[in-house]
Amino acid sequence: MTLTPAHIGSPSVWTDARLLYALEEVVEEELNRHLKVAKDWMPHEYVPWSDGRNFPGFFEDGEAWDKEQSKVTEVGRIALVVNLLTEDNLPSYHHEIASLFGRDGAWGTWVHRWTAEEGRHGIVMRDYLLASRAVDPDKLEQFRMAHMSEGFESDNRHSMLHSVAYVAFQELATRISHRNTGHQSGDPVCDRMLARIATDENLHMVFYRNLLKAAFELAPDLTMQAVRDVVVNFRMPGHGIPGFERAAAQMAIGEVYNMRIHHDDVLQPVLRFLKIMEIDGLGPEGLKAQEELGLFLGGLDAEARKFDEKLAARKARMAARAAG
């Protein structure tokens with residue numbers, strides 16, 4: 001298709017409503033592509049049901065959870081709880097994107113399809129955690145109630161372009177977090193389950209990434225500013241989880257998700273695809289945003305190098321301690 005040529009990316013021209021309408025055809029094309037490549041899968045097929053047994057409470061023969069029952073590593077338990085609690089807020093995420101993108105036409109079809117696919121992730125993760133006794137079920141439910149009772153409000157709800165830019169990065173960040181959690185879990189069953197989830201998340205990223213590319217053709221200045229704002233202020237949607245900062249620090253040390261991973265495996269792949277630093281024809285505000293984005297990425301890479309050095313030193317100390 002040919003998008004309307006426009007170097008008219010001023011707020012007075014490109015309202016959210018006009019952008020939603022202008023991108024409808026791209027959404028339909030991406031939706032059709034997604035439906036062709038996405039594969040249905042059954043959450044129950046990934047759960048080790050034979051490992052399950054009763055918990056205390058209603059059942060007299062229930063067995064209380066004990067840490068020794070868990071097959072996953074310490075960092076695996078921490079990351080699994082964070083990842084599942086993030087998925088648990090799906091009702092709030094659906095409300096956010098349905099309110100922003102609408103429930104009609106290709107946009108609405110995508111919103112509902114995305115929600116249905118994401119629903120599988122919470123189902124299979126919770127079933128796995130309970131059947132395998134990977135984490136404390138009481139604490140998991142207490143965290144879920146606390147987290148969901150707070151609700152979720154997107155940092156980018158004020159702007160359709162900011163929201164599209166955010167989910168392009170966030171879906172990839174979620175994929176990476178799930179995949180690395182599987183690798184670090186120490187349980188092949190968990191690794192297989194999270195690999196299946198990660199495949200979905202990657203397809204969701206591709207949808208939004210391609211939509212973001214089309215937005216650059218329509219409104220390059222506004223889109224560049226949106227990408228700049230999102231990258232500079234990026235937060236994972238689970239930042240409101242009880243104890244998130246401590247868990248995030250442990251996940252960083254455990255190489256599930258940290259600054260180096262965020263820079264190399266999340267930001268850079270999307271930005272390279274968009275050829276973000278090669279986009280020309282920008283106005284003053286777009287050029288300013290492009291320059292600020294480049295400066296931020298350079299600073300983030302420098303911070304990531306410092307983190308890498310500290311992590312390497314920590315590993316060396318632990319290795320020396322183990323050898324001694």
Side-chain angles (χ1 to χ4, degrees), residues 1-38 89-119 151-174 200-201 203-231 233-234 237 270-271 273-274 276 279 281-283 285-286 289 293:
M1 67 169 291
T2 302
L3 294 171
T4 306
H7 184 60
I8 50 174
S10 66
S12 62
V13 174
W14 282 118
T15 63
D16 276 3
R18 289 180 178 179
L19 280 166
L20 286 167
Y21 178 79
L23 288 168
E24 176 91 20
E25 188 176 338
V26 181
V27 172
E28 184 172 2
E29 289 181 357
E30 288 302 313
L31 173 63
N32 290 335
R33 180 198 55 76
H34 176 84
L35 293 175
K36 287 180 181 178
V37 298
N89 251 340
L90 181 60
S92 289
Y93 307 149
H94 174 84
H95 174 76
E96 291 275 326
I97 66 171
S99 299
L100 193 64
F101 298 154
R103 296 174 174 81
D104 301 319
W107 281 105
T109 302
W110 166 255
V111 166
H112 296 308
R113 173 72 189 199
W114 173 87
T115 302
E117 291 184 3
E118 287 286 342
F152 173 80
E153 185 172 298
S154 170
D155 295 334
N156 303 288
R157 65 186 309 182
H158 64 287
S159 160
M160 172 266 186
L161 277 179
H162 282 72
S163 294
V164 170
Y166 175 74
V167 289
F169 294 105
Q170 180 266 320
E171 292 283 5
L172 182 53
T174 304
D200 281 0
E201 303 290 8
L203 291 178
H204 297 164
M205 178 276 292
V206 170
F207 178 94
Y208 287 118
R209 182 198 66 184
N210 292 351
L211 192 56
L212 190 59
K213 182 179 181 181
F216 265 111
E217 296 181 38
L218 282 172
D221 287 327
L222 285 181
T223 308
M224 185 66 75
Q225 291 173 70
V227 170
R228 184 263 324 268
D229 293 345
V230 164
V231 169
N233 300 297
F234 186 87
V270 175
L271 296 176
F273 175 84
L274 297 171
I276 202 84
I279 294 173
L282 296 168
E285 291 302 314
L293 181 61

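This is a predicted model, so every value here is computed, not measured.
Between His162 and Gln225 there is no side-chain heavy-atom pair separated by less than 4.5 Å. In this structure the side chain of Glu24 never reaches within 4.5 angstrom of the side chain of Val27, judged on heavy atoms. In this structure the side chain of Val206 reaches within 4.5 angstrom of the side chain of Arg33, judged on heavy atoms. The closest side-chain heavy-atom distance from Leu293 to Val231 is below 4.5 Å.
The CG atom of Leu23 sits 11.0 Å away from atom CD of Glu29, with the distance rounded to the nearest 0.5 Å. Atom CG of Leu35 is separated from atom CD of Glu30 by 11.0 Å, given to the nearest 0.5 angstrom. If you take CD on Glu217 and CD1 on Ile279, they are separated by 9.5 Å, rounding to the nearest 0.5 Å. How far CZ of Phe234 is from CG of Asp155: 10.0 Å, rounded to the nearest 0.5 Å. Annotation: the span from Thr223 atom OG1 to Ile276 atom CD1 amounts to 8.5 Å, rounded to 0.5 Å. Put simply, CG on Leu90 and CZ on Phe152 are 11.5 Å apart, with the number rounded to the nearest 0.5 Å.
Not counting sequence neighbours, Tyr21 has no partner by the side chain to side chain contact (heavy atoms under 4.5 Å, CB included) test. In this structure, the side chain to side chain donor-acceptor pair (under 3.5 Å) partners of Thr115, at least two apart in sequence or on a different chain, are His94. Residues satisfying the side chain to side chain contact (heavy atoms under 4.5 Å, CB included) criterion with Arg157, sequence neighbours excluded, are Glu96, Glu153, Ser154. Partners of Arg228 according to the salt bridge (Lys or Arg N to Asp or Glu O under 4.0 Å) rule, which considers only residues two or more places apart in sequence or in another chain, are Glu292. Asp16 pairs by the salt bridge (Lys or Arg N to Asp or Glu O under 4.0 Å) definition with nothing, not counting sequence neighbours. Among residues two or more places apart in sequence or in another chain, the salt bridge (Lys or Arg N to Asp or Glu O under 4.0 Å) test is passed with Asp229 by none.
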Distance-only donor-acceptor pairs under 3.5 Å for side chains of residues 105-113, two or more places apart:
from   : atom 1 : to     : atom 2 : distance (Å)
Trp107 : NE1    : Leu20  : O      : 2.9
Thr109 : OG1    : Gly105 : O      : 3.1
Trp110 : NE1    : Tyr208 : OH     : 2.9
Arg113 : NE     : Glu117 : OE2    : 2.6
Arg113 : NH2    : Glu117 : OE2    : 3.0

I'd like a table of donor-acceptor pairs (distance under 3.5 Å, sequence neighbours excluded) in which one partner is a side-chain atom from residues 163-170, with atom names and distances.
from   : atom 1 : to     : atom 2 : distance (Å)
Ser163 : OG     : Asn156 : O      : 2.8
Ser163 : OG     : Ser159 : O      : 3.0
Tyr166 : OH     : Arg235 : O      : 2.6
Gln170 : NE2    : Thr174 : OG1    : 2.8

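Within the structure, side chain to side chain donor-acceptor pair (under 3.5 Å) pairs that include any residue of residues 97-106 do not occur (at least two apart or interchain).
Taking both residues in full, the closest heavy atoms of Ala215 and Leu161 are given as CB-CD2, 3.6 Å, listed atom of the first, atom of the second, then distance. The two residues Ala219 and Leu19 make their nearest non-hydrogen contact at CB-CD2, 4.4 Å.
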Working for side-chain contact (heavy atoms from CB on, under 4.5 Å), residues Leu211 and Val26 | CA-CA 7 Å; Leu211 192 56; Val26 181; 4.0 Å; yes

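Residue His34 places its NE2 atom among more than 12 non-hydrogen atoms of other residues, nucleotides or ligands, all under 6.0 Å distant.
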